[in-house]
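Structure first, then comments.
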Amino acid sequence: MRLGVLDVGSNTVHLLVVDAHRGAHPTPMHSEKTVLRLAEQINKNGELSKKGIDDLVEAVESAKEAAKRLGCEEVMAFATSAVREASNAGKVLRKVADETGVELRVLTGEQEARLTFLAVRRWYGWSAGQLLVLDIGGGSLEVAMGIDEEPELAESLPLGAGRLTRTRFSKDPPTRSELVATSAWLEDQLGDLAKRISKLGEPDRVVATSKTFRSLARLAGAAPSAAGPRVRRVLTDTALRQLISFISRMSSDDLAELEGVSAGRAHQLVAGALVAQATMRALSLETLEICPWALREGVILRRLDHSNGADQTALMTGQGRHA
């Protein structure tokens with residue numbers, strides 16, 4: 001089965017096409033992104049601007065055509081924090097549906113955390129034990145923890161890299177006082193989360209996903225993407241501290257020149273690094289493993305799981321192909 005996943009995020013509209021069936025490893029066949037920075041097109045009234053809506057419609061239509069051209073049997077389209085938090089979200093969703101025929105499903109922050117956790121659990125398997133999963137997006141930070149496929153804790157905090165860049169920094173690069181103040185503010189914001197997680201006990205494995213964490217790990221010396229997804233990659237608190245002292249002095253244009261940093265996200269890398277550091281400190285984490293699977297893979301895996309019921313019904317009623 002060839003499936004498409006269309007992810008409308010705070011920064012990009014990302015189409016991922018995979019060949020997959022239940023019980024098998026989803027094989028990526030195609031990936032394409034359009035940088036829209038929708039979160040930056042929210043006006044003072046909290047609405048996604050007309051230009052933002054028009055850009056989104058165009059990007060969704062383009063992705064729809066690409067999915068059709070590539071032979072996708074189904075496209076699962078969803079939106080995260082930028083659309084979710086827009087005060088005119090209903091209007092945005094209707095316009096996208098009317099003009100492209102694509103029905104965008106708006107995920108809650110908790111759903112994002114749970115689906116990302118599912119992807120990480122499947123990647124590492126049961127031997128990973130109690131998993132703690134962190135994901136820094138453009139608008140939010142997702143945290144999930146548990147020993148099963150459904151996490152015991154799944155939360156979303158408005159601490160995304162793009163959000164903090166817009167609301168906490170006035171200069172590029174940010175000033176020293178902005179860095180210090182933001183770090184202190186993050187410590188305060190993460191205090192309650194740390195208490196809730198501590199009640200669940202020690203994790204057996206701590207895993208980070210998302211482009212922000214991948215970029216930070218690459219800059220800290222992790223293997224490049226060309227080495228393949230199964231190479232072990234980590235990010236340590238010591239390496240992150242040293243990295244922040246380096247990148248916090250660089251403009252976003254200069255950061256975009258570094259290997260592993262995309263031009264569309266360079267402007268929010270410093271904020272993302274501060275969120276990563278504050279989270280590691282709040283949760284007393286020394287090392288994070290970087291997982292190549294995240295939200296999009298979680299959506300695919302959940303979709304394949306839902307095909308199980310029909311398959312089992314056919315088997316039990318003698319309608320399976322081997323009956």
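This is a predicted model, so every value here is computed, not measured.
Glu112 CD to Phe78 CZ: the interatomic distance, rounded to the nearest 0.5 Å, is 7.5 Å. The line from CG of Leu235 to CZ of Phe213 is 7.0 Å long, rounded to the nearest 0.5 Å. Here the straight-line distance linking atom CD of Gln268 with atom CG of Asn11 works out to 4.0 Å at 0.5 Å rounding.
In summary, the side chains of Glu110 and Ser156 do not present any donor paired with an acceptor at a separation below 3.5 Å, with no hydrogens or angles considered. With hydrogens and angles left out, the side-chain atoms of Thr209 and Asp135 include a donor and acceptor closer than 3.5 Å.
Checking side-chain atoms of Asn43 against main-chain N and O of Asn45 turns up a donor-acceptor pair under 3.5 Å. Checked by atom type and distance alone, the side chain of Arg218 never pairs as donor or acceptor with a backbone atom of Glu259 at under 3.5 Å. Although no hydrogens or angles enter the test, the distance criterion places no donor-acceptor pair under 3.5 Å between the side chain of Lys95 and the main chain of Ile53. Of the possible donor and acceptor atoms, none in the side chain of Thr116 sits under 3.5 Å from a partner among the backbone N and O of Ala113. Asn88 contributes a side-chain N or O that, together with a main-chain N or O of Leu48, makes up a donor-acceptor pair within less than 3.5 Å. Judged purely by atom type and a 3.5 angstrom limit, Arg296 has no side-chain atom pairing as donor or acceptor with the backbone of Leu15. The backbone N or O of Gln130 sits less than 3.5 Å from a side-chain atom of Asp204, completing a donor-acceptor pair. Between the side chain of Glu289 and the main chain of Arg205, no donor-acceptor pair closer than 3.5 Å is present. A donor-acceptor pair under 3.5 Å is formed between the side chain of Arg121 and the backbone N or O of Ile147. At distances below 3.5 Å, not a single donor-acceptor pair connects side-chain atoms of Glu32 with backbone N or O atoms of Ala66.
Taking every heavy atom of both residues into account, Asp172 and Met250 meet most closely at OD1-O, 4.2 Å. When every heavy atom of Leu301 is checked against every heavy atom of Ala119, the shortest pair comes out as CD1-CA, 3.9 Å. The minimum heavy-atom distance linking Leu131 with Ala128 is given by the pair CD2-CB, 4.0 Å. Scanning both residues, Ser140 and Glu142, for their nearest heavy atoms gives OG-OE2, 2.7 Å. Contact between Pro151 and Arg114 at its shortest, heavy atoms only, is O-NH1, 3.3 Å. Here the closest non-hydrogen pair linking Gly139 and Ser81 is CA-OG, 3.4 Å.
Looking at Lys50 and Asp54, a side-chain N of the basic residue comes within less than 4.0 Å of a carboxylate O on the acidic one, giving a salt bridge. Here Arg122 does not pair with Glu297 in a salt bridge; the nearest charged N to carboxylate O distance is not below 4.0 Å. The residues Arg69 and Glu65 are annotated as not salt-bridged, no charged nitrogen and carboxylate oxygen being separated by less than 4.0 angstrom. Using a cutoff of 4.0 Å between basic side-chain nitrogens and carboxylate oxygens, Glu178 and Arg168 are not scored as salt-bridged. By the 4.0 Å N-to-carboxylate-O rule, Arg196 lies close enough to Glu155 to be salt-bridged with it. With respect to Lys51 and Glu40, no salt bridge is recorded, no charged nitrogen being found less than 4.0 Å from a carboxylate O.
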Practice problem: Take Ser177 and Thr175 through the test side chain to side chain donor-acceptor pair (under 3.5 Å) and record every step on the way to the result. | Solution: CA-CA 5 Å; Ser177 61; Thr175 66; 3.1 Å; yes
Practice problem: Apply side-chain contact (heavy atoms from CB on, under 4.5 Å) to Val143 and Leu132, showing your working. | Solution: CA-CA 7 Å; Val143 181; Leu132 172 59; 3.9 Å; yes
Exercise. Assess whether salt bridge (charged side-chain N to carboxylate O under 4.0 Å, His left out) is satisfied between Glu47 and Lys91, documenting all intermediate values.
Key: CA-CA 10 Å; Glu47 298 178 337; Lys91 175 184 176 181; over 6 Å; no
Exercise. May I have the step-by-step check of side-chain contact (heavy atoms from CB on, under 4.5 Å) for Val35 and Thr12, ending in yes or no?
Key: CA-CA 4 Å; Val35 178; Thr12 63; 4.0 Å; yes
Exercise. Using the side-chain contact (heavy atoms from CB on, under 4.5 Å) rule, take Val13 and Leu56 through it: C-alpha gap first, then chi angles, then the decisive distance, then the call.
Key: CA-CA 8 Å; Val13 174; Leu56 176 58; 4.0 Å; yes
Quiz prompt | Chi angles and distances behind the side-chain contact (heavy atoms from CB on, under 4.5 Å) call for Leu157, Gln189 | solution = CA-CA 9 Å; Leu157 289 77; Gln189 295 297 306; 5.6 Å; no
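Note on Leu190 and Ile244: same hydrophobic cluster, where clusters join Ile, Leu, Val, Met, Phe, Trp and Tyr whose side-chain heavy atoms are under 4.5 Å apart, directly or indirectly. Under the 4.5 Å side-chain heavy-atom criterion for Ile, Leu, Val, Met, Phe, Trp and Tyr, Leu219 and Leu274 are members of the same hydrophobic cluster. Criterion: ILVMFWY side-chain heavy atoms under 4.5 Å apart, direct or through other members. Under it, Val5 and Val60 are not part of a common hydrophobic cluster. Under the 4.5 Å side-chain heavy-atom criterion for grouping Ile, Leu, Val, Met, Phe, Trp and Tyr, Met76 is not connected to Met29 through any hydrophobic cluster. In this structure, Leu243 is a member of the same hydrophobic cluster as Ile136, with clusters built from ILVMFWY side-chain heavy atoms closer than 4.5 Å.
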